Amino acid sequence: MTVRVLVVDDQEMVRTGLRLVIDRREDLSVVGEAADGEQAVARAVELRPDVVLMDVRMPGTTGVEATRRITTCWPGPGPAPRVLVLTTFDLDEYVHDALRAGAVGFLLKNSPPDLLAQAIRSTAVGEPVLAPSVTRRLIDTVTALPAALLPDTPAPVPALREGEPADLLTERELQVLVLVARGLSNARIAAALDLTEGNVKSRVNRILTRLGLENRVQAAVLAHREGLV
């Protein structure tokens, strides 16, 4: 199935370059473009893409505000497009604001074409994507703050007894956990470990269940805290 993409950037040359990268993939297709946040919202409603590739800094309505409007005020019918923020700037404030606005992922414009294409595929199925350069900083921020200051965290990461991850997980599941903690998508984990993407997804679900976790962020925090990464 082809993933339909709306490209949003205030620079025409950037939009053209992204279109060339995306349209070269048989399973990806650019269905439209927008030059600012206001156009992005209107075009998203009109075209109903699967993924909106959203710039952050644009004149008028910013990418963060456009993301928030698309994800929280979607008129339907059908689900809202998923948003992948693509920007030149990897500043923490942009990362946090974009994710809080409802973006599935955050990637830098200097990312290799293959990484961008895979990030779009991951975003289309709701799999979180973070630029490698910001993954470590985000985890450091989460682990450094007390739970009371993290209202958006669904549940605290449970404490594990020494040696418990190794007792509860197989060797392969420990390998998967380490790669999750490093910010890799299921597809990249599958390639690294010579597994199918479906197999990785099943293993990630088993890891979360066995460790009493709710999501990949908690798994990454736990792996860093326990010294696995």
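Starting from 1, each residue takes its place in the sequence as its number. The structure displayed is predicted, hence computed values, not measured ones.
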Checklist entry - salt bridge (Lys or Arg N to Asp or Glu O under 4.0 Å): which pairs involve residues 68-79, sequence neighbours left out? => result E38-R69, E65-R68

Item to check | Shortest non-hydrogen contact between P79 and W74, atoms and distance | outcome: O-NE1, 3.4 Å

Checklist entry - At their closest point, which heavy atom of T67 faces which heavy atom of A103, and how far apart are they? => result CG2-N, 3.7 Å

Item to check | Closest non-hydrogen atom pair, V129 against S122 | outcome: CG2-CB, 3.7 Å

Next on the checklist: Restricting to side-chain contact (heavy atoms from CB on, under 4.5 Å), what partner residues turn up for V104, sequence neighbours left out?
Outcome noted: R82, T123

Checklist entry - Where do A223 and L177 come nearest, in terms of heavy atoms and distance? => result CB-CG, 4.1 Å

Checklist outcome for this item: Closest non-hydrogen atoms of R121 and D27, given as atom of the first, atom of the second and distance, are NE-OD2, 2.6 Å

Next on the checklist: Would V7 and R19 count as a side chain to side chain contact (heavy atoms under 4.5 Å, CB included) here? Give the steps.
Outcome noted: CA-CA 8 Å; V7 175; R19 178 184 282 274; 5.5 Å; no

Checklist entry - Taking all non-hydrogen atoms of both residues, which atom of T71 and which atom of A101 are closest, and how far apart? => result OG1-O, 2.7 Å

Next on the checklist: I'd like to check the side-chain hydrogen bond (donor to acceptor under 3.5 Å, both in side chains) partners of D114; sequence neighbours left out, ordered by chain and number.
Outcome noted: R25

Checklist entry - Rounded to the nearest 0.5 Å, how far does OG1 of T209 lie from CG of L168? => result 11.5 Å

Checklist entry - Distance from N186 atom CG to E127 atom CD, nearest 0.5 Å? => result 4.0 Å

Item to check | Over 12 foreign heavy atoms within 6.0 Å of NZ, K109 | outcome: yes

Next on the checklist: Side chains of V56 and T62, heavy atoms from C-beta outward: is any pair under 4.5 Å?
Outcome noted: no

Checklist entry - Distance-only, no hydrogens or angles: does the R203 side chain make a donor-acceptor pair with backbone N or O of E173 under 3.5 Å? => result no

Next on the checklist: With a 3.5 Å distance limit and no angle check, can you tell me whether T87 reaches the backbone of R57 through a side-chain donor-acceptor pair?
Outcome noted: no

Checklist entry - Could you go step by step and tell me if V8 and V52 meet the side chain to side chain contact (heavy atoms under 4.5 Å, CB included) rule? => result CA-CA 7 Å; V8 182; V52 178; 3.8 Å; yes

Next on the checklist: Around atom CG of N205, are there more than 12 heavy atoms from other residues, nucleotides or ligands closer than 6.0 Å?
Outcome noted: yes

Next on the checklist: I need the S202 OG to E197 CD distance, nearest 0.5 Å.
Outcome noted: 11.0 Å

Checklist outcome for this item: Taken in chain and number order and not counting sequence neighbours, the residues that satisfy side-chain contact (heavy atoms from CB on, under 4.5 Å) with S111 are L107, L108, L115

Checklist entry - To the nearest 0.5 Å, how far apart are OG1 in T2 and CD in E26? => result 9.0 Å

Checklist entry - Are the side chains of T170 and R206 in touch, meaning some heavy atoms are under 4.5 Å apart? => result no

Checklist entry - L116 versus L86: any side-chain heavy-atom pair under 4.5 Å? => result yes

Checklist entry - If you group Ile, Leu, Val, Met, Phe, Trp and Tyr by side-chain heavy-atom gaps below 4.5 Å, do V125 and V180 land in one group? => result no

Checklist outcome for this item: One should read off an interatomic distance between L53 CG and I22 CD1, to the nearest 0.5 angstrom, of 5.0 Å

Checklist entry - Is the backbone N or O of V30 less than 3.5 Å from a side-chain atom of D23, with the two atoms forming a donor-acceptor pair by type? => result yes

Could you give the side-chain donor-acceptor pairs of residues 43-51 under 3.5 Å, partners two or more places apart or in another chain?
from, atom 1, to, atom 2, distance (Å)
R43, NE, E33, O, 3.4
R43, NH1, E46, OE1, 3.0
R43, NH1, E46, OE2, 3.3
R48, NE, V45, O, 3.0
R48, NH1, G76, O, 3.0
R48, NH1, P77, O, 3.1
R48, NH2, G76, O, 2.9
D50, OD2, R4, N, 2.7

Checklist outcome for this item: By side-chain contact (heavy atoms from CB on, under 4.5 Å), Q39 pairs with (sequence neighbours left out) A34, A35, D36

Checklist entry - To the nearest 0.5 Å, what is the distance between CG (L6) and CG (L84)? => result 12.0 Å

